[in-house]
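Input: a single structure, listed below in structure tokens.
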Amino acid sequence: GIQVEQSPPDLILQEGANSTLRCNFSDSVNNLQWFHQNPWGQLINLFYIPSGTKQNGRLSATTVATERYSLLYISSSQTTDSGVYFCAVASRAQKLVFGQGTRLTINP
Amino acid sequence: DAGVIQSPRHEVTEMGQEVTLRCKPISGHNSLFWYRQTMMRGLELLIYFNNNVPIDDSGMPEDRFSAKMPNASFSTLKIQPSEPRDSAVYFCASNSGSGASFTQYFGPGTRLTVL
């Protein structure tokens with residue numbers, strides 16, 4: 001099956017810093033989503049982005065499907081950005097495979 | 001909208017007991033997903049439904065697990081008999097199942113502990 005690799009596994013930053021999270025996948029996909037799991041366990045969808053670039057406030061994402069990777073950018077980090085960020089992909093429409101996540105800690 | 005609703009939020013049971021987890025998807029969504037999250041295996045898709053019909057159950061770990069969706073607004077995941085290794089957080093998610101609406105919306109999860 002499709003493999004998803006996220007890097008880095010852990011990232012610790014000061015408030016106000018910028019960060020880039022990477023997601024590599026092993027096969028062509030028609031569905032790619034980024035999620036944030038907050039410290040209380042809630043999973044929030046950030047982007048549905050099988051290709052191209054999207055922006056939402058301080059967050060943006062880019063997927064280069066031909067090169068099988070996606071990037072999530074977080075600018076001017078806030079403590080509320082802390083948590084685990086997951087990339088999930090599917091080569092068959094809805095059957096998402098999740099990466100192991102990047103744990104982001106933003107210190108005040 | 002109330003979002004995806006799951007119950008119970010926490011369940012503690014003893015090995016061998018039957019466990020039933022419940023999910024109400026977002027109104028109007030026609031695809032529903034059950035996931036399991038553990039430290040060892042991360043987030044795994046167990047089964048998903050489209051228009052109340054199971055489409056892919058290849059992630060269901062074994063016959064002790066079963067899922068149903070009797071109507072568009074309700075689904076259950078049942079474990080019988082439960083074992084300690086079933087301890088995990090179980091998430092339900094839903095979406096509209098088409099085009100840009102492949103975006104999945106997750107419920108708060110049910111934390112299951114099997115003693």
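Here is how names work: the chains are called A, B, and so on, in the same order as the sequence lines, proteins then strands, and each is numbered from 1.
The number of heavy atoms from other shown groups lying within 6.0 Å of CZ (A:R103) does not exceed 12. For B:R64, the CZ atom counts as densely surrounded, since its 6.0 Å shell holds more than 12 non-hydrogen atoms of other residues, nucleotides or ligands. Heavy-atom contacts from other residues, nucleotides or ligands closer than 6.0 Å to CD of B:E83 number more than 12. Heavy atoms from other residues, nucleotides or ligands lying under 6.0 Å from NZ of B:K68 number 12 at most.
In the hydrophobic cluster analysis, where Ile, Leu, Val, Met, Phe, Trp and Tyr join through side-chain heavy atoms closer than 4.5 angstrom, A:F47 is grouped apart from A:Y69. Transitive grouping of hydrophobic side chains (ILVMFWY, heavy atoms separated by less than 4.5 Å) brings A:V89 and A:L21 into a common cluster. A:V29 and A:Y48 fall into different hydrophobic clusters, where Ile, Leu, Val, Met, Phe, Trp and Tyr are joined by side-chain heavy atoms under 4.5 Å apart, directly or via other members. Residues B:L77 and B:V19 share a hydrophobic cluster, clusters being chains of Ile/Leu/Val/Met/Phe/Trp/Tyr side chains in contact below 4.5 Å.
Note: A:L96 CG to B:Y48 OH = 9.5 Å, rounded to the nearest 0.5 Å.
Among residues 32-43 of chain A, the residues having any heavy atom closer than 4.5 Å to a heavy atom of chain B are, in sequence order, A:Q33, A:F35, A:Q37, A:G41, A:Q42, A:L43. Annotation: residues 31-45 of chain B contacts chain A through B:S31, B:F33, B:Y35, B:Q37, B:R41, B:G42, B:L43, B:L45 [non-hydrogen atoms, separation under 4.5 Å].
Checked by atom type, the side-chain pair A:Q94/B:D56 shows no donor-acceptor distance below 3.5 Å.
Applying the disulfide bond (SG atoms under 2.5 Å apart) test to every pair with at least one member in residues 29-59 of chain B, sequence neighbours left out, gives no pairs at all.
For the side-chain hydrogen bond (donor to acceptor under 3.5 Å, both in side chains) test, residues two or more places apart in sequence or in another chain that qualify with B:S73 are B:N71.
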